[in-house]
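Chain letters run A, B, ... following the sequence lines, proteins first, then strands; residues in each count from 1.
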Amino acid sequence: ILNVEQSPQSLHVQEGDSTNFTCSFPSSNFYALHWYRWETAKSPEALFVMTLNGDEKKKGRISATLNTKEGYSYLYIKGSQPEDSATYLCAFDGGQLIWGAGTKLIIKP
Amino acid sequence: GAVVSQHPSWVICKSGTSVKIECRSLDFQATTMFWYRQFPKQSLMLMATSNEGSKATYEQGVEKDKFLINHASLTLSTLTVTSAHPEDSSFYICSAPPTGIGYEQYFGPGTRLTVT
């Protein structure tokens, strides 16, 4: 059974602080790793699609790294802002997307 | 970016009735759409892959006679929950990959179904 684990399940961060969380996935049959941001009452929005071991992607204050050999990806947020509050989902693409349960991030002003 | 709409956003129905959920790609054509279900604090679980002009492909454990999927056009897929029961209460969300399978997907906002 293929499993995608995200940790922590939830996270409270003070505004201005930086934070990171983890997505663990199977290390075989890897095609891509996806990160999405899902704000309450909105549609999940794609952040990154990562395909190569050692890949590092950045979008503004958000960045992600990928280690396909050991099966993990980190998502980093620098200088957290209230608008970063959302659930961050990762999905392992091994021909079919398998989703993690998400990390719920709450930024405290 | 590409937009996917979903209707209704929430619905309450009585046990034994049927509910139809629509998923539309507003500014692109989607030959494939995905239907997911999410229970509280759990992962998105793929229910079925909807294919325009052909039968949907259901994941193991998903009853195709209970969850009827129709993808009659390149912009519309519907999921009908037939003879709904309280255990079908969940969050249903659709997505479409405008650039093909394996690429990022565009999601609808989801439908909260409550069966009483």
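Residue A:N53 places its CG atom among more than 12 non-hydrogen atoms of other residues, nucleotides or ligands, all under 6.0 Å distant. Other residues, nucleotides and ligands contribute more than 12 heavy atoms inside 6.0 Å of the CD atom of A:Q81. Counted within 6.0 Å of NE2 on B:H85, heavy atoms from surrounding residues, nucleotides or ligands total more than 12; the atom is thus considered enclosed. By the neighbour-count criterion of 12 heavy atoms within 6.0 Å, atom NZ of B:K66 is densely surrounded, having more than that number from other residues, nucleotides or ligands.
Within the 4.5 angstrom heavy-atom criterion, no atom of A:E45 approaches chain B. Using a 4.5 Å cut-off between heavy atoms, A:Q6 does not touch chain B at all. With a 4.5 Å cut-off on non-hydrogen atoms, B:Q6 does not touch chain A at all. At a 4.5 Å heavy-atom cutoff, the contact between B:F91 and chain A is made by side-chain atoms alone.
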Taking it one step at a time, do B:L44 and A:Y36 satisfy side-chain contact (heavy atoms from CB on, under 4.5 Å)? CA-CA 12 Å; B:L44 289 172; A:Y36 285 80; over 6 Å; no
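In the hydrophobic cluster analysis, where Ile, Leu, Val, Met, Phe, Trp and Tyr join through side-chain heavy atoms closer than 4.5 angstrom, B:M45 is grouped apart from B:V62. Linking Ile, Leu, Val, Met, Phe, Trp and Tyr whenever their side-chain heavy atoms come within less than 4.5 Å leaves A:Y72 and A:F30 in two separate clusters. Hydrophobic clustering keeps A:Y31 apart from A:F92 (ILVMFWY residues linked when any side-chain heavy atoms are closer than 4.5 Å, directly or through intermediates). Grouping the Ile, Leu, Val, Met, Phe, Trp and Tyr side chains by contacts below 4.5 angstrom, directly or via other members, places B:V81 with B:I69. B:F107 and B:L113 fall into different hydrophobic clusters, where Ile, Leu, Val, Met, Phe, Trp and Tyr are joined by side-chain heavy atoms under 4.5 Å apart, directly or via other members.
Scanning residues 97-108 of chain A against chain B with a 4.5 Å non-hydrogen threshold yields A:L97, A:W99, A:G100, A:A101, sorted by number.
Here the closest non-hydrogen pair linking B:G108 and A:P44 is O-CD, 3.8 Å.
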